[in-house]
Amino acid sequence: MKKDNLKDQYRVNEKIRAREVRVVGENVEQGVYPIAEALQMARNQQLDLIEISPNAVPPVCRISDYQKFIYQQKKRQKEQKAKSVKIIVKEIRFGPQTDDHDYNFKLKHARSFLEEGAKVKAYVFFKGRSILFKEQGEVLLLRFANDLEDYAKVESLPSLEGKKMIIMLAPKKTAAPVKKLVKSAEQPKEEKKEVIKNQESPATDE
């Protein structure tokens with residue numbers, strides 16, 4: 001049987017060990033009460049005393065229906081989980097002496113990954129004696145970051161980890177292209193108005 005960790009997280013009613021607690025909740029006079037009195041307040045409303053902040057001094061307890069309280073907590077957790085963004089990291093691998101054709105091919109892929117919202121982990125892999133070209137690898141990664149500056153921001157500069165020199169790039173949003181599109185869309189309208197005005201002006205010479 002699957003254990004309900006959320007239920008085990010809260011002490012309820014007689015399981016609360018504190019001598020006095022701070023009571024909160026609806027239809028109650030909030031304040032600090034001896035545990036026996038707080039329990040009686042909950043019983044009078046046919047509800048439960050739930051310890052929600054055990055580390056507070058004194059601990060904070062809510063008078064509420066326990067099953068309803070657990071249901072609301074689970075619902076809140078699901079909502080938070082749904083809102084959390086899953087970060088995707090795509091890897092781009094280079095050799096220390098990558099030619100221009102291969103470089104441009106990988107640059108195009110990295111651009112599409114960034115436009116989709118993924119991070120890019122680009123690295124140069126040094127095999128055997130090629131570790132001697134580590135400076136060349138660093139230059140390649142910095143060039144790569146520079147060529148993607150309109151799409152990405154550098155999260156970490158090139159660093160050597162074992163046989164790999166790695167750079168991390170994160171996508172960035174730019175509003176510039178939208179503004180350009182708006183301006184280009186508005187320009188023909190202004191020109192059109194000018195043409196109409198000229199057509200409407202009557203000729204003075206007869």
Side-chain angles (χ1 to χ4, degrees), residues 1-93 109-123 145 148-157 159 161-162 164 166-179 181-182 185:
M1 189 175 176
K2 193 178 178 182
K3 196 174 180 182
D4 193 333
N5 293 326
L6 194 58
K7 280 190 176 182
D8 294 336
Q9 189 177 331
Y10 301 98
R11 294 191 188 103
V12 187
N13 299 328
E14 284 75 16
K15 291 182 180 178
I16 299 169
R17 298 169 188 168
R19 291 183 180 181
E20 61 177 19
V21 294
R22 182 176 298 280
V23 176
V24 297
E26 296 176 10
N27 303 318
V28 296
E29 190 175 334
Q30 299 186 14
V32 177
Y33 297 90
I35 186 63
E37 191 175 340
L39 284 166
Q40 190 57 50
M41 288 167 68
R43 287 192 202 103
N44 290 343
Q45 296 190 51
Q46 296 183 330
L47 295 171
D48 301 292
L49 189 68
I50 308 161
E51 188 181 55
I52 57 173
S53 296
N55 297 324
V57 182
V60 179
C61 294
R62 177 176 291 277
I63 291 179
S64 181
D65 180 89
Y66 183 54
Q67 296 301 327
K68 187 179 176 182
F69 174 79
I70 292 297
Y71 170 78
Q72 288 172 341
Q73 293 300 309
K74 285 181 178 178
K75 188 179 177 183
R76 194 173 296 162
Q77 283 183 357
K78 282 182 183 178
E79 287 172 354
Q80 287 174 347
K81 196 173 180 181
K83 285 178 184 176
S84 63
V85 180
K86 210 170 188 178
I87 298 170
I88 299 168
V89 179
K90 298 284 189 177
E91 292 192 353
I92 301 283
R93 172 177 167 162
H109 274 283
R111 192 180 297 133
S112 65
F113 293 149
L114 290 161
E115 285 176 336
E116 289 167 7
K119 288 186 178 184
V120 171
K121 178 183 180 181
Y123 65 91
L148 291 167
E149 64 178 350
D150 291 338
Y151 303 89
K153 56 185 177 183
V154 177
E155 267 199 350
S156 62
L157 288 168
S159 61
E161 296 179 16
K164 293 179 182 178
I166 300 166
I167 192 169
M168 282 296 295
L169 304 173
K172 70 176 181 181
K173 295 176 183 177
T174 54
V178 178
K179 288 178 183 176
L181 284 171
V182 171

Tabulate below the donor-acceptor pairs under 3.5 Å that side-chain atoms of residues 109-120 make, not counting sequence neighbours, or state none.
{"residue": "Ser112", "atom": "OG", "partner": "His109", "partner atom": "O", "Å": "2.7"}
{"residue": "Lys119", "atom": "NZ", "partner": "Glu155", "partner atom": "OE1", "Å": "3.1"}
{"residue": "Lys119", "atom": "NZ", "partner": "Glu155", "partner atom": "OE2", "Å": "2.9"}

>> Please check: side-chain N/O of Lys172 versus main-chain N/O of Glu149, any donor-acceptor pairing under 3.5 Å?
In response: yes

> Which pairs with one or both residues in residues 48-65 pass salt bridge (charged side-chain N to carboxylate O under 4.0 Å, His left out), sequence neighbours excluded?
Replying inline: Arg11-Glu51

> For Val12 and Leu49, what are the C-alpha separation, side-chain angles and deciding distance, and is it a side chain to side chain contact (heavy atoms under 4.5 Å, CB included)?
Replying inline: CA-CA 6 Å; Val12 187; Leu49 189 68; over 6 Å; no

>> Set out, in order, the CA-CA distance, both residues' side-chain angles and the distance that settles side chain to side chain contact (heavy atoms under 4.5 Å, CB included) for Tyr33 and Glu20, then state yes or no.
In response: CA-CA 5 Å; Tyr33 297 90; Glu20 61 177 19; over 6 Å; no

>> So which atom in Pro58 and which in Arg22 form the shortest heavy-atom distance, rounded to 0.1 Å?
In response: CG-N, 4.0 Å

> How long is the gap from CD1 on Ile52 to SG on Cys61, to the nearest 0.5 Å?
Replying inline: 7.5 Å

> Quick one: CD on Gln73 to NZ on Lys75, what's the gap to the nearest 0.5 Å?
Replying inline: 12.0 Å

Table please: side-chain donor-acceptor pairs of residues 37-45 below 3.5 Å, with sequence neighbours left out.
{"residue": "Gln40", "atom": "OE1", "partner": "Arg43", "partner atom": "NH1", "Å": "3.3"}
{"residue": "Gln40", "atom": "NE2", "partner": "Asn44", "partner atom": "OD1", "Å": "2.9"}
{"residue": "Arg43", "atom": "NH2", "partner": "Glu14", "partner atom": "OE2", "Å": "3.0"}
{"residue": "Asn44", "atom": "ND2", "partner": "Gln40", "partner atom": "O", "Å": "3.3"}
{"residue": "Gln45", "atom": "NE2", "partner": "Asn27", "partner atom": "O", "Å": "3.3"}

>> If you compare all heavy atoms of Ser64 against all heavy atoms of Leu47, which two are closest, and at what distance to 0.1 Å?
In response: O-CB, 3.7 Å

> Roughly how far, to the nearest 0.5 Å, is CD1 of Ile63 from CD of Gln30?
Replying inline: 10.0 Å

> Can you check side chain to side chain contact (heavy atoms under 4.5 Å, CB included) on Tyr151 and Leu169, steps first, answer last?
Replying inline: CA-CA 9 Å; Tyr151 303 89; Leu169 304 173; over 6 Å; no

> How close do Pro54 and Pro59 get, heavy atom to heavy atom, and via which atoms?
Replying inline: O-CG, 3.9 Å

